[in-house]
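Here the structure comes first, spelled out in structure tokens, and everything after it is commentary.
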Amino acid sequence: MIATPDRTPLTREFFDRPVLEVAPDLLGRILVRSTPDGPIALRLTEVEAYDGPNDPGSHAYRGRTARNDVMFGPPGHVYVYFTYGMWFCMNLVCGPKGESSAVLLRAGEIIEGAELTRKRRLSARSDKELAKGPARLATALDVDRALNGTDACSDGDAPLRVLAGTAAAPDQVLNGPRTGVAGDGGVHPWRFWIANDPTVSPYRAHVPRRRRS
DNA sequence: CGTTCGATACTCT
DNA sequence: GAGTATCGAACGA
């Protein structure tokens, strides 16, 4: 039988651990986005760990800036960044305050409010694609810069919360190289996903782009 | 389902 | 100025 997902929020202590512990433990958890039209719930199926100052792939690698400021704050908060001129991606800050580690939320399954996400994800060829990729996930949940720095551990009517859900069994969690990270030729296998889940995004190696002349 | 190509504007050098 | 923690359109199978 399938256990009923636990709808209690994850605590700040959950996120106040090494990011490589937190990242796989987030799989199967439930992200709830409160919108004026109603809640959207997503079961996390794919994440990536970014290990603060020790990780050349991390936005925090070269120190604190206006963009990555939230990463240096308390755990359990939302870090949103803008990339490729068009897209937002969302992370959850981990580790003790000041460590600047975070988990990128890469993909998930919409389990509630799918009708609300379809209006923003018109290009999705099926519901499996609604949140298949980090920018698609953010678009589906209507996440943008306005949510940067918000607390995902607060209860009540916070715009974003993370609930306990049903953690993926450890033997169902696979890991491999991170997607699209410059210079990370499999050195850091810090992408984690649920085995055989149809909502996991395809792996893409990093491709440097040059501007047209 | 897969591949290829290029749009886009922000961040840091 | 250069690079980017990506995606969608178009096309083929």
Side-chain angles (χ1 to χ4, degrees), chain A residues 19-20 22-24 26-27 31 42 44-72 77-95 99-108 110 117-149 152 174-193 196-213:
Chain A
V19 67
L20 292 177
V22 176
L26 277 170
L27 296 174
L31 192 61
L42 172 140
L44 286 168
T45 59
E46 181 190 352
V47 299
E48 275 175 6
Y50 287 85
D51 191 12
N54 312 310
D55 178 2
S58 170
H59 285 175
Y61 182 59
R62 289 173 181 83
R64 193 170 189 163
T65 65
R67 175 175 67 157
N68 65 24
D69 190 58
V70 172
M71 295 179 85
F72 290 80
H77 286 235
V78 180
Y79 168 51
V80 180
Y81 67 87
F82 184 76
T83 194
Y84 286 102
M86 284 174 264
W87 310 109
F88 294 99
C89 295
M90 72 173 288
N91 302 250
L92 295 169
V93 177
C94 294
E99 190 186 287
S100 68
S101 296
V103 177
L104 171 67
L105 307 184
R106 287 197 55 89
I110 304 291
T117 76
R118 288 188 200 109
K119 291 190 281 191
R120 288 188 273 284
R121 293 279 302 111
L122 294 177
S123 67
R125 293 188 275 196
S126 78
D127 279 5
K128 288 181 298 211
E129 292 186 352
L130 286 172
K132 189 180 202 159
R136 291 167 170 180
L137 184 154
T139 302
L141 298 185
D142 198 19
V143 169
D144 63 15
R145 218 187 296 285
L147 294 188
N148 189 38
L174 301 182
N175 69 293
R178 294 179 295 187
T179 305
V181 177
D184 184 46
V187 180
H188 297 310
W190 293 346
R191 173 179 175 243
F192 301 89
W193 66 93
N196 301 121
D197 192 290
T199 64
V200 172
S201 69
Y203 172 71
R204 296 186 201 290
H206 173 73
V207 180
R209 310 298 306 201
R210 230 197 108 162
R211 194 185 207 109
R212 287 192 56 191
S213 55

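Every chain is numbered from 1 and lettered A, B, ... according to where its sequence line falls, protein lines coming before strand lines.
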Next item on the list: Quickly work out the A:Asn148 CG to C:dA5 P distance and round it to whole Å.
Entry: 16 Å
Next item on the list: Determine: side-chain N/O of A:Arg62 to OP1/OP2 of B:dT11, distance under 4.0 Å, yes or no.
Entry: no
Item checked: Rounded distance (Å) that lies between atom P of C:dA5 and atom CG of A:Asn68 -> 13 Å
Check: Taking atom P of C:dA5 as reference, at what distance in whole Å does atom CG of A:Asp55 sit?
Finding: 11 Å
Next item on the list: To the nearest Å, give me how far apart CD (A:Glu129) and P (C:dA9) are.
Entry: 11 Å
Notebook entry, point to check: Considering only C:dA5, C:dG8, B:dC1, which nucleotide approaches the side chain of A:Arg121 most closely?
Noted result: C:dG8
Next item on the list: Would you kindly give the NE2-to-C1' distance between A:His59 and B:dC10, to the nearest whole Å?
Entry: 11 Å
Next item on the list: Measure from the ring centre of A:Tyr84 to the centre of the six-membered ring in the base of C:dT6, then say whether that distance is under 5.5 Å and the planes meet at under 30°.
Entry: yes
Margin query: I'd like to know if A:His206 reaches the base of C:dA5 with its side chain such that a donor and an acceptor end up less than 3.5 angstrom apart.
Written below: no
Checklist line | Residue closer to the 5' end of DNA chain C, A:Arg125 versus A:Thr179 (nearest nucleotide) | finding: A:Thr179
Notebook entry, point to check: Considering heavy-atom distances to DNA chain B, does A:Pro202 or A:Met86 have its closest nucleotide positioned more toward the 5' end?
Noted result: A:Pro202
Margin query: On DNA chain C, compare the nucleotides closest to A:Ala182 and A:Gly133; which residue's is nearer the 5' end?
Written below: A:Ala182
Check: Can you check side-chain contact (heavy atoms from CB on, under 4.5 Å) on A:Asp142 and A:Arg120, steps first, answer last?
Finding: CA-CA 8 Å; A:Asp142 198 19; A:Arg120 288 188 273 284; 3.5 Å; yes
Next item on the list: Quick one: label A:Gly180 by what it contacts on the DNA or RNA (base, sugar-phosphate, nothing), any heavy atom closer than 4.0 Å.
Entry: sugar-phosphate
Margin query: Please give me the minimum heavy-atom distance between A:Thr179 and A:Glu48, naming the atom from each residue.
Written below: N-OE2, 2.7 Å
Checklist line | Interatomic distance where CH2 belongs to A:Trp193 and P belongs to C:dA5 [whole Å] | finding: 19 Å
Notebook entry, point to check: Okay, side chain of A:Arg136, backbone of A:Lys132: is any donor-acceptor separation there less than 3.5 Å?
Noted result: yes
Notebook entry, point to check: Taking OP1 and OP2 of C:dA5, is either one under 4.0 Å from a side-chain nitrogen or oxygen of A:Thr83?
Noted result: no
Item checked: A:Phe72, CZ atom: more than 12 neighbouring heavy atoms under 6.0 Å -> yes
Check: Can you check whether A:Tyr50 stacks with the C:dA5 base, using ring centres under 5.5 Å and planes within 30°?
Finding: yes
Check: Hey, does A:Arg191 reach any base, or is it just sugar-phosphate, or nothing, if we go heavy atoms under 4.0 Å?
Finding: nothing
Next item on the list: Determine the contact category for A:Asn91: base if any of its heavy atoms lies under 4.0 Å from a base atom, sugar-phosphate if only primed atoms, P, OP1 or OP2 are that close, otherwise nothing.
Entry: base
Check: B:dT8 pairs with which nucleotide, Watson-Crick or G-U wobble, both distances below 3.5 Å?
Finding: none
Next item on the list: Take atom CZ of A:Arg204 and atom C1' of C:dG8, then tell me their distance rounded to the nearest Å.
Entry: 11 Å
Check: Looking across every strand, which nucleic acid part, if any, lies under 4.0 Å from A:Arg67 by heavy atom: base, sugar-phosphate, or nothing?
Finding: sugar-phosphate
Check: Just wondering, are more than 12 heavy atoms of other shown residues or ligands nearer than 6.0 Å to CZ in A:Arg62?
Finding: no
Check: According to a strict under-4.0 Å criterion, is A:Arg145 in side-chain N/O contact with OP1 or OP2 of B:dC10?
Finding: no
Checklist line | Integer-rounded Å distance: C:dT4 P and A:Asp184 CG | finding: 13 Å
Item checked: Result of checking A:Leu137, A:Leu44, A:Thr45 against A:Thr199 for side chain to side chain contact (heavy atoms under 4.5 Å, CB included) -> A:Thr45
Next item on the list: Among C:dA9, C:dT6, B:dA9, find the nucleotide with the atom closest to the side chain of A:Ser123.
Entry: C:dA9
Item checked: Sugar-phosphate, base or nothing in reach of A:Thr139, heavy atoms under 4.0 Å -> nothing
Notebook entry, point to check: When we call it a touch if two heavy atoms are under 4.0 Å apart, what does A:Arg136 touch: a base, just sugar-phosphate, or nothing?
Noted result: sugar-phosphate
Check: Quick one: does A:Asn68's side chain have a donor or acceptor within less than 3.5 Å of a partner on A:Thr65's backbone?
Finding: yes
Notebook entry, point to check: Which part of the nucleic acid does A:Ala66 contact within heavy-atom distance under 4.0 Å: base, sugar-phosphate only, or nothing?
Noted result: nothing
